[in-house]
Structures are given as C-alpha cells and as structure tokens.
Amino acid sequence: MTNKPSNPGHVFLTGPMGAGKSTIGIPLSERLERTFYDMDQMIVEKTGRSIPEIFADDGECNFRALEGQMLADLCAGKEPAVIATGGGVVLSVPNCKRITSSGTAIWLDAPPEVAAERISGDANRPLLLGVDTLQKARELDYTRRPLYASIAAHTVRTDQLAPTDAVEDILEFLGCP
Ligand code: S3P
C-alpha cells in the first residue's frame with residue numbers, strides 16, 4: 001500500500017525484529033539529513049538497563065509503558081527525525097495513533113522465516129529467550145502483520161531489497177530521491 005505524504009513529518013520505521021529498522025534507518029537519516037533515533041537504544045540510555053534486564057526485572061507490561069512514553073517524547077520533537085520503533089510498538093492503539101498523526105510509517109516487511117534467521121541467537125531480544133525463534137517469529141507475524149499494515153503509508157520488502165535499495169525506495173516514496 002502506498003499513500004504519498006504531502007508532509008511526511010517524522011519517518012517511523014516499523015516492522016518485526018530482524019526487519020532491518022536500524023540497518024536502513026541510519027543511512028536513511030543521513031540521506032535525509034535528519035537525526036536518527038532508535039527507540040530501544042534510547043530506552044536503554046534513559047534507564048541505564050538493557051532491554052532483557054527491563055523485561056526480567058519489571059516485566060513486559062512495564063517495558064511497554066516505557067516504550068509508549070519514549071514514543072510520545074519522540075513524537076513531540078519539533079525537528080522531523082527518522083525513528084526506528086521497536087517491533088511491538090504497534091500493539092498499543094495510542095502508539096499507532098501517535099505514529100500516524102505525527103508522521104509517516106514505513107513498514108519494513110520481512111517474512112518470519114527471513115527475520116528469524118537474522119535474529120536467531122540474539123540474547124538482546126527477551127521475547128526470544130528459551131523459545132524456538134522461527135515459531136516465535138511466525139506467531140508474532142500472525143498477530144502483528146495486520147497492525148503494521150493498518151498504519152503503513154508505504155511497505156518495503158527487506159527480504160527482496162538490499163538495504164541501499166530499500167533506502168532509495170523510501171526516499172523515492174517520500175519524494176526526496
Ligand atoms: C520487541 C522488539 C524489540 C524490543 C523488545 C520487544 C517486540 O525491538 O523492543 O525486545 O515486541 O517485537 P526490535 O524490533 O528493534 O528488535
């Protein structure tokens with residue numbers, strides 16, 4: 001789906017773990033001459049704890065609250081930025097509304113089989129601890145795919161495009177090639 005934005009505002013990269021949000025977000029922000037924010041990284045910097053530590057000590061619910069607050073803070077930023085969201089940001093309706101009202105969501109879509117291969121063995125992703133990565137990626141894909149689709153202004157298949165080509169595709173969509 002593609003709805004060209006007249007004023008893109010913040011550019012939000014959404015999609016599952018392993019979709020390439022940071023890999024694509026950094027060069028995209030450089031081309032757009034915008035600041036790049038990685039929400040997970042910012043939560044780590046703000047709390048002084050890793051994402052697995054936050055999940056283990058406070059539980060997923062509290063992580064989601066931190067994530068929602070971080071999103072709200074970033075959305076309030078006046079300078080348009082490129083923001084890599086966490087894969088679960090779309091689980092909250094208020095988060096989805098914030099994203100669509102303050103910018104443009106680009107869905108970096110990758111089939112669970114591809115995403116699982118990229119993130120397999122990553123100890124920094126608490127949702128994968130002690131579970132079968134492929135099965136978990138499939139489950140998350142099943143529940144979240146409609147949510148990513150519901151807010152996406154544009155979709156990029158990162159299993160079909162190399163990161164440099166994905167960046168060009170997004171720039172073209174935004175009207176800034
Ligand atoms: C999560 C994705 C992670 C991180 C946390 C939960 C999810 O971010 O926010 O581990 O629910 O899919 P990335 O998508 O950047 O890996």
Side-chain angles (χ1 to χ4, degrees), residues 10-29 35-75 81-96 98-99 103-152 154-159 161 163 166-167 170:
H10 295 303
V11 172
F12 296 93
L13 299 179
T14 68
M17 296 181 274
K21 295 175 298 247
S22 304
T23 307
I24 290 168
I26 293 167
L28 178 66
S29 68
T35 305
F36 173 69
Y37 296 105
D38 180 317
M39 281 184 49
D40 283 347
Q41 191 54 42
M42 296 195 67
I43 291 169
V44 169
E45 281 165 18
K46 187 174 175 185
T47 62
R49 289 185 294 161
S50 70
I51 304 291
E53 279 169 345
I54 298 170
F55 267 68
D57 296 347
D58 303 344
E60 181 172 348
C61 239
N62 285 302
F63 170 78
R64 297 296 172 202
L66 283 171
E67 184 177 50
Q69 187 55 56
M70 182 57 70
L71 180 70
D73 292 348
L74 287 170
C75 287
V82 174
I83 299 167
T85 61
V89 81
V90 290
L91 294 171
S92 143
V93 173
N95 284 353
C96 290
R98 275 215 167 88
I99 288 174
T104 302
I106 310 288
W107 176 16
L108 302 186
D109 185 15
E113 293 72 20
V114 173
E117 203 166 304
R118 291 179 184 160
I119 58 181
S120 174
D122 186 344
N124 207 33
R125 290 184 158 113
L127 291 180
L128 304 179
L129 293 177
V131 299
D132 180 280
T133 305
L134 177 55
Q135 193 184 325
K136 187 69 184 178
R138 283 184 173 142
E139 279 168 27
L140 294 176
D141 182 73
Y142 181 78
T143 53
R144 296 178 178 181
R145 176 163 291 275
L147 303 174
Y148 296 129
S150 72
I151 62 168
H154 183 60
T155 304
V156 179
R157 285 284 301 260
T158 65
D159 59 318
L161 286 183
V167 169
I170 296 167

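Whatever order the structure lists them in is the order used to number ligands and atoms, beginning at 1. As a basis for the values below, the full set of heavy atoms in this structure was taken, side chains included, without hydrogen atoms, waters or symmetry mates.
Under a 4.0 Å criterion applied to the non-hydrogen atoms of M17, ligand 1 contributes the atoms 2 (C), 12 (O), 13 (P), 14 (O), 16 (O). The atoms of ligand 1 that sit less than 4.0 Å from any heavy atom of F63 are 9 (O).
Between the side chain of H154 and the backbone N or O of I106, no donor-acceptor pair lies under 3.5 Å.
More than 12 heavy atoms of other residues, nucleotides or ligands sit less than 6.0 Å from atom CZ of F63.
Distances between N or O atoms of D40 and those of ligand 1 include at least one value under 3.5 Å. Considering backbone and side-chain atoms together, R125 places an N or O closer than 3.5 Å to an N or O of ligand 1. Polar contact check, G87 against ligand 1: a nitrogen or oxygen pair lies under 3.5 Å apart.
We find the CD1-CG distance between I119 and L127 to be 9.0 Å, quoted to the nearest 0.5 Å. Within the model, atoms CH2 of W107 and OG of S150 stand 9.5 Å from one another, a figure rounded to the nearest 0.5 Å. Rounded to the nearest 0.5 angstrom, E53 CD and N124 CG are separated by 9.5 Å. Atom CD of Q135 sits about 10.5 Å away from atom CG of L140, to the nearest 0.5 Å. In this structure, the separation between CE on M39 and CG on L66 is 10.0 Å, given to the nearest 0.5 Å.
Looking at atom 10 (O) of ligand 1, its nearest protein heavy atom turns out to be P126 CD, 3.5 Å. With hydrogens left out, the protein atom closest to atom 11 (O) of ligand 1 is R64 NH2, 2.7 Å, a heavy atom. Residue, atom and distance of the protein heavy atom nearest to atom 14 (O) of ligand 1 are K21 NZ, 2.6 Å. The protein heavy atom nearest to atom 12 (O) of ligand 1 is R144 NH1, 2.6 Å.
Judged by the shortest distance from any of its heavy atoms, M39 lies outside the 4.0 Å radius around the atoms of ligand 1. The closest approach between any non-hydrogen atom of K136 and ligand 1 is not below 4.0 Å.
The part of L127 lying near ligand 1 is the side chain, judged by heavy-atom distances below 4.0 Å.
Ion pairing between a basic and an acidic side chain is recognised when a charged N comes within 4.0 Å of a carboxylate O; K21 and D38 show no such pairing.
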